[in-house]
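Every heavy atom of this structure was used, including side-chain atoms; hydrogens, water molecules and symmetry mates were not. The sequence lines fix the lettering, A, B, ..., with proteins before strands; numbering per chain opens at 1. Keep in mind the model is a prediction, meaning the values are calculated, not measured.
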Number of protein chains: 2
Amino acid sequence: MTIENVSQNKVFGGWHKQYTHHSNVLNCAMRFAIFLPPQASDANKVPVLYWLSGLTCTDENFMQKAGAFRVAAELGIAIVAMDTSPRGDAVANDDGYDLGQGAGFYVNATQAPWSEHFHMYDYVTKELPSLIQTHFPVSEVASISGHSMGGHGALTLGLKNTQQYRSISAFSPISNPTQCPWGQKAFTAYFGNNVTRWKEHDASILLSQSTGETPILVDQGESDPFLIEQLKPLALEAAAESYSGRFELRLHAGYDHSYYFIASFIEDHLRFHAEYLFD
Amino acid sequence: MTIENVSQNKVFGGWHKQYTHHSNVLNCAMRFAIFLPPQASDANKVPVLYWLSGLTCTDENFMQKAGAFRVAAELGIAIVAMDTSPRGDAVANDDGYDLGQGAGFYVNATQAPWSEHFHMYDYVTKELPSLIQTHFPVSEVASISGHSMGGHGALTLGLKNTQQYRSISAFSPISNPTQCPWGQKAFTAYFGNNVTRWKEHDASILLSQSTGETPILVDQGESDPFLIEQLKPLALEAAAESYSGRFELRLHAGYDHSYYFIASFIEDHLRFHAEYLFD
């Protein structure tokens, strides 16, 4: 597994770096970014927060706009942001912004033409962490967070891999994708009519069935234009009633779906994860 | 002077808003953005930091990437970011990224074809502040800051308008534009061979001649690829030897020309300006 550095910027005493590599799982070239805090060294491996972005995003949106590095540098947490799907001319795509490239939904697609490359679940939970641990001064200790489609990803990957992620957080997650247009369109394409598979990737269903205790923090803006039709955080909150772990949903008056919302509260998420990453 | 709101996002308890308007000075439609801290109201008008961006930028780069709002909200400072030139199909342009649209250099051009629209000096120092004070709960108290071409703009506008701006700061400014390729190309186009006009917009020359005492803070990354050929901060530092006001140039090992550098030190700039905005 070789990786190629394509950019680096010193920031808050640490480093933001972008890399490209060939993904065996996705069968295409991929780019990711990592923030390494100043504390990271071979003698002092640091924990990692994996960040999963929303529809249309790449590794760059969070790194450029979230304002996360000041606190991550203070706490000594690395952050990894990956692309939101396989990419390239040889990869299937769709005219919609909410399917295909930029819209991988963090699942392993089973239906053609998507099943050839769209294995984001395996990429994020297996191939990428292995590559990160091989090439960077990070430990195996990890947590997961994301926004919108990436909030769905953080919740579902976190709930399904309770030994791999110590804590889960999400901004404006697609909380009940089997019941919203974005989720129904994507799951129909990626899984066909196999509703059992759909349910395996619905955070509200997974949470209601979970026997784990991974702590969860969710922030949602009340002026988010996608709140009612697409995001459905109250379904997640209802599902949490039977959950044994810490669960907190915070609603914020006036905030929307943008990175301005994320920037306003990312410090809380980093300090939340730090409680468990350094436990 | 009417303005039209085109976006708004709640952020850190305040608001980021974008507006379009017809500029009489530039004779075209323009867009600007304002951050209003939570303290701002008609009964509590807040001071303003004007932010001038670099080559190719619009009002969005700083607002999305600088991470300035946390501290601006804490301190109660509004921030205004404008576009970097007149815009539109009717406005002269050049194939280069460093001349014409996106490269106004904060001067009033005197040579055709640029002289028809390129009056960014008057726009930033006169028309825009008047419009901001008319439409928003801000006071007349102001400071000025910017990056690269906008650092040149902040220094030159600040040094030429000592009653209007209480403090000046710059990241990676084009410090001696009469002596670097970017400045020579732009000034030749905008002023022709009138070297007297060139010198009126060179921060190092202005600083060496200044009888003012406006405090100045400059941050420069030592790994900035433009440092030697284009930016020349040591010319500015030499010019400051005879300056009566506070002058500080800070060099930062490892940092480059990007917004990751700006984000790392914007808090220092905001607290520097606050010393004078609330004096």
Side-chain angles (χ1 to χ4, degrees), chain A residues 5-18 33-38 57 59-74 79 81 171-172 219-225 227 251-271, chain B residues 5-18 33-38 57 59-74 79 81 171-172 219-225 227 251-271:
Chain A
N5 178 245
V6 291
S7 83
Q8 61 173 20
N9 316 94
K10 191 169 180 180
V11 59
F12 282 102
W15 289 92
H16 165 262
K17 299 184 178 190
Q18 289 179 298
I34 186 168
F35 169 73
L36 289 166
C57 290
D59 65 291
E60 293 189 333
N61 304 66
F62 179 84
M63 295 308 210
Q64 293 181 354
K65 297 181 178 179
F69 301 145
R70 178 183 61 90
V71 176
E74 174 201 321
I79 302 175
F171 291 87
S172 330
D219 275 327
Q220 173 65 55
E222 291 185 343
S223 294
D224 187 325
L227 175 60
L251 300 175
H252 301 276
Y255 287 90
D256 63 16
H257 200 67
S258 72
Y259 266 88
Y260 293 110
F261 171 52
I262 296 171
S264 300
F265 297 100
I266 190 67
E267 176 168 356
D268 292 353
H269 286 238
L270 289 162
R271 296 194 188 282
Chain B
N5 178 245
V6 291
S7 83
Q8 61 174 22
N9 315 92
K10 191 170 180 180
V11 58
F12 282 102
W15 289 92
H16 165 262
K17 300 185 179 191
Q18 289 178 298
I34 186 167
F35 169 73
L36 288 166
C57 289
D59 65 290
E60 294 188 333
N61 303 67
F62 179 84
M63 296 307 209
Q64 293 181 353
K65 297 182 177 179
F69 300 145
R70 178 182 62 89
V71 176
E74 174 201 322
I79 303 175
F171 291 88
S172 330
D219 274 328
Q220 173 65 54
E222 292 184 342
S223 294
D224 187 325
L227 176 59
L251 300 175
H252 300 276
Y255 286 90
D256 63 16
H257 200 65
S258 72
Y259 267 87
Y260 293 109
F261 171 51
I262 296 171
S264 300
F265 296 99
I266 190 68
E267 176 168 355
D268 293 353
H269 286 237
L270 289 162
R271 296 194 188 283

Q.
With a 4.5 Å cut-off on side-chain heavy atoms, are A:Glu267 and B:Arg70 touching?
A. yes
Cut-off 3.5 Å, no hydrogens considered: what does the side-chain donor-acceptor table look like for residues 59-69 of chain A, sequence neighbours left out?
unit_1, atom_1, unit_2, atom_2, d
A:Asp59, OD1, A:Arg31, NE, 2.7
A:Asp59, OD1, A:Arg31, NH2, 2.8
A:Asp59, OD2, A:Gln18, NE2, 2.8
A:Glu60, OE2, A:Gln18, NE2, 3.0
A:Asn61, OD1, A:Thr58, N, 3.0

Q) Is there a donor-acceptor pair closer than 3.5 Å between any side-chain N or O of B:Tyr260 and the backbone N or O of A:Phe12? A) no
Q: Return yes if some donor-acceptor pair links the side-chain N/O of B:Tyr255 with the main-chain N/O of A:Gly13 below 3.5 Å, else return no.
A: yes
Q | Those residues that, when tested against A:Glu74, pass salt bridge (Lys or Arg N to Asp or Glu O under 4.0 Å) (two or more places apart) | A | A:Arg271
Q.
For A:Asn9 versus B:Ser258, what's the shortest heavy-atom pair and its separation?
A. ND2-OG, 3.7 Å
Q: Identify which of A:Gly221, A:Ala263, A:Ala73 forms the greatest number of heavy-atom pairs closer than 4.5 Å to chain B.
A: A:Ala263
